[in-house]
Number of protein chains: 2
Amino acid sequence: MRPTDIPKVRALPMFANVSGDTFSRVTGSAYLQRFPANTTLLLEGDPVDFLYVLLEGQVELQGTWKDKETTLTILRPVSTFILAAVVLDADALMSARTLDRCEILMISGDAIRQNMAEDAVFAVAIARELSGCYRGLVRTIKNQKLRGGVEQHANYLLTLRAKSGGGDKVHLPHEKRVLAALLGMTPENLSRAFATLGGYGVEVNGAEVRLGKLRDLERLARPDPLIDNYAPRAPLLAEADAEVWSTEHQRTGAA
Amino acid sequence: MRPTDIPKVRALPMFANVSGDTFSRVTGSAYLQRFPANTTLLLEGDPVDFLYVLLEGQVELQGTWKDKETTLTILRPVSTFILAAVVLDADALMSARTLDRCEILMISGDAIRQNMAEDAVFAVAIARELSGCYRGLVRTIKNQKLRGGVEQHANYLLTLRAKSGGGDKVHLPHEKRVLAALLGMTPENLSRAFATLGGYGVEVNGAEVRLGKLRDLERLARPDPLIDNYAPRAPLLAEADAEVWSTEHQRTGAA
DNA sequence: CAGTGTAGTTGATGGAAATCAAGAAGTCCT
DNA sequence: AGGACTTCTTGATTTCCATCAACTACACTG
């Protein structure tokens with residue numbers, strides 16, 4: 001199957017309203033690649049030649065400094081990443097690593113930049129995508145700086161609930177140690193955070209979590225539309241807005 | 001003087017390579033406005049009708065949650081802000097407040113969006129600007145999550161030095177309490193951080209700081225091009241990349 | 001000039017989270 | 001089934017930072 005034939009690619013917000021011509025030119029030289037788990041796709045500081053589109057699996061974006069490491073976000077399909085670096089033809093500020101086996105479409109950065117210059121519709125779509133990514137990061141920073149660990153975690157669970165349609169059961173999409181990294185805490189403290197939330201009706205059983213006293217949990221978490229993105233199907237905390245696009249997929253972008 | 005006649009506006013990266021026609025259409029209905037100090041220009045959650053261009057004074061972008069407040073960045077001329085919200089025609093995620101008396105150019109959001117759709121060159125320039133803003137936030141998050149208070153502060157001083165051309169004296173551009181907020185700490189702890197840095201040759205005298213033992217300070221700070229933006233004249237930590245634009249001004253953007 | 005207010009510093013204390021250490025439960029392998 | 005490995009949890013300790021409180025220096029004001 002050629003990349004241009006993959007419907008989820010065509011359905012990406014960055015191709016919304018874009019002509020078939022431009023779409024083919026952009027994706028014409030793209031190729032689909034499979035990666036095993038724990039593969040580094042891109043190291044921070046590397047030049048970026050491709051826009052990555054995650055079609056299957058999970059990818060972690062991380063930054064390091066002085067042998068410390070932090071997880072910026074975890075992507076799930078369908079998401080694009082390192083768009084900003086592609087647009088500027090700059091070096092990556094974050095590393096990208098597969099968590100699972102992944103299926104990834106790689107689109108030539110040159111093709112992106114060239115077609116932006118020639119097609120205003122496409123350029124606008126990219127600008128909107130970037131705006132969403134930017135706002136996702138603003139949310140992340142507010143979440144980080146304004147909330148304590150337990151509050152962040154409570155909001156994470158509520159966001160997860162909202163995205164899965166709103167029952168009282170929620171399924172954790174990552175291992176707990178990965179989740180801890182995502183929330184910016186140690187696995188130990190995530191464990192303790194779960195324990196604390198027990199007092200608010202949260203019952204954990206492996207990856208299955210029941211939110212027993214929603215009201216109590218919400219009073220603790222105080223979810224805020226200007227921090228938490230309850231928009232339809234956006235994958236995670238650090239994700240792009242889905243405010244504008246009501247199309248059918250998840251979104252992201254980075255570096 | 002009409003907005004279109006202000007050279008610093010025309011020199012903004014978002015107008016680089018843009019035709020005079022588009023430039024006039026975008027800025028034609030813009031107007032210049034003066035604000036006193038401590039004026040809230042925009043409250044988080046508000047719809048955003050204008051792109052703001054800061055020509056004089058300082059503006060703080062902040063976020064709040066549950067009567068806590070955090071400073072996301074402090075802007076200095078010439079900077080644009082809330083570009084992302086304008087592009088998406090969305091509500092602001094941060095509040096904007098003047099710190100000084102300010103002179104601000106307000107450009108119609110509609111005009112921006114419409115001209116993006118009609119002029120690919122302009123749309124590309126906006127996309128590049130957004131990419132720079134995005135990368136600025138990535139840097140901010142890495143700085144936040146990977147470094148402790150003293151390390152952040154040391155790097156702040158070094159960045160300041162680099163931007164002022166590199167002598168051993170540095171002038172703090174903000175009051176210390178504002179600086180503390182910017183670095184995400186309390187004024188008390190900034191004071192203590194300065195005291196600690198005394199051991200690394202840092203001598204403070206009001207707003208004047210001497211970096212006596214650069215080598216020592218650098219060994220502590222470990223500046224990193226993937227976090228700190230030493231690029232020419234970019235104003236502050238949280239600022240956009242200046243990697244691509246070598247034109248003559250400072251850059252920013254937000255929300 | 002006294003009087004008020006704000007910025008900045010310094011010290012003492014408390015709380016949140018990282019770290020260190022150990023143990024429990026589960027998975028994969030042969 | 002046994003053994004090695006990993007994840008997750010729990011407890012004890014340390015580190016970092018916020019908070020509270022007191023005090024200094026300086027500017028502005030009547």
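In what follows, chains are A, B, ... by sequence order, proteins preceding strands, each numbered from 1.
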request  = Answer yes or no: is there a donor N or O on one side and an acceptor on the other, between the side chain of B:Thr98 and the main chain of B:Asn38, under 3.5 Å?
outcome  = yes
ask   = With a 4.0 Å cut-off on heavy atoms, is A:Gly184 in touch with a base, just the backbone sugar-phosphate, or nothing at all?
value = sugar-phosphate
inquiry  = Measure CD/B:Glu175 against P/D:dA25 and give the value in whole Å, please.
reply    = 20 Å
ask   = Using the C1' atoms of the five pairs at each end, what is the angle between the end axes of the helix from C:dC1-D:dG30 to C:dT30-D:dA1, to 10°?
value = 30°
message = Please report the distance, rounded to the nearest Å, between NE2 in A:His174 and P in D:dT7.
response = 16 Å
message = So that I can tick it off, tell me whether A:Lys8 and A:Glu56 are bridged by a salt bridge, with the cut-off set at under 4.0 angstrom between side-chain N and carboxylate O.
response = yes
key: Check: B:Arg192 side chain, D:dT19 base, donor-acceptor under 3.5 Å   = yes
task = Specify the separation, in whole Å, of atom CZ of B:Arg147 and atom C1' of D:dC16.
result = 17 Å
inquiry  = Among D:dC8, D:dA18, D:dT19, which nucleotide has an atom closest to any side-chain atom of B:Asn189?
reply    = D:dA18
ask   = Atom CZ of A:Phe194 and atom P of D:dT9: how far apart are they, to the nearest Å?
value = 7 Å
query = What are the 5'-most and 3'-most nucleotides of DNA chain C lying under 4.0 Å from any heavy atom of chain A?
reply = C:dA17 to C:dC20
key: Residue pair B:Tyr134, A:Tyr134: steps toward the ring-ring contact (aromatic ring centres under 6.0 Å, His included) verdict   = CA-CA 5 Å; B:Tyr134 179 87; A:Tyr134 179 88; 7.5 Å; no
query = Backbone N or O of B:Leu226 within a donor-acceptor pair of the B:Asp224 side chain at under 3.5 Å?
reply = yes
inquiry  = With heavy-atom distances below 4.5 Å as the criterion, would you say the side chains of A:Lys213 and A:Arg215 are in contact?
reply    = no
ask   = Relative to B:Trp65, does A:Arg147 satisfy both conditions: NZ or CZ under 6.0 angstrom from the six-membered ring centre, and within 45 degrees of the ring's axis?
value = yes
query = In this structure, are over 12 heavy atoms from other groups packed under 6.0 Å from A:Arg34 atom CZ?
reply = no
request  = Give me the ring orientation class for B:Tyr31 and B:Phe50: parallel if the planes are under 30° apart, tilted from 30 to 60°, perpendicular past 60°.
outcome  = perpendicular
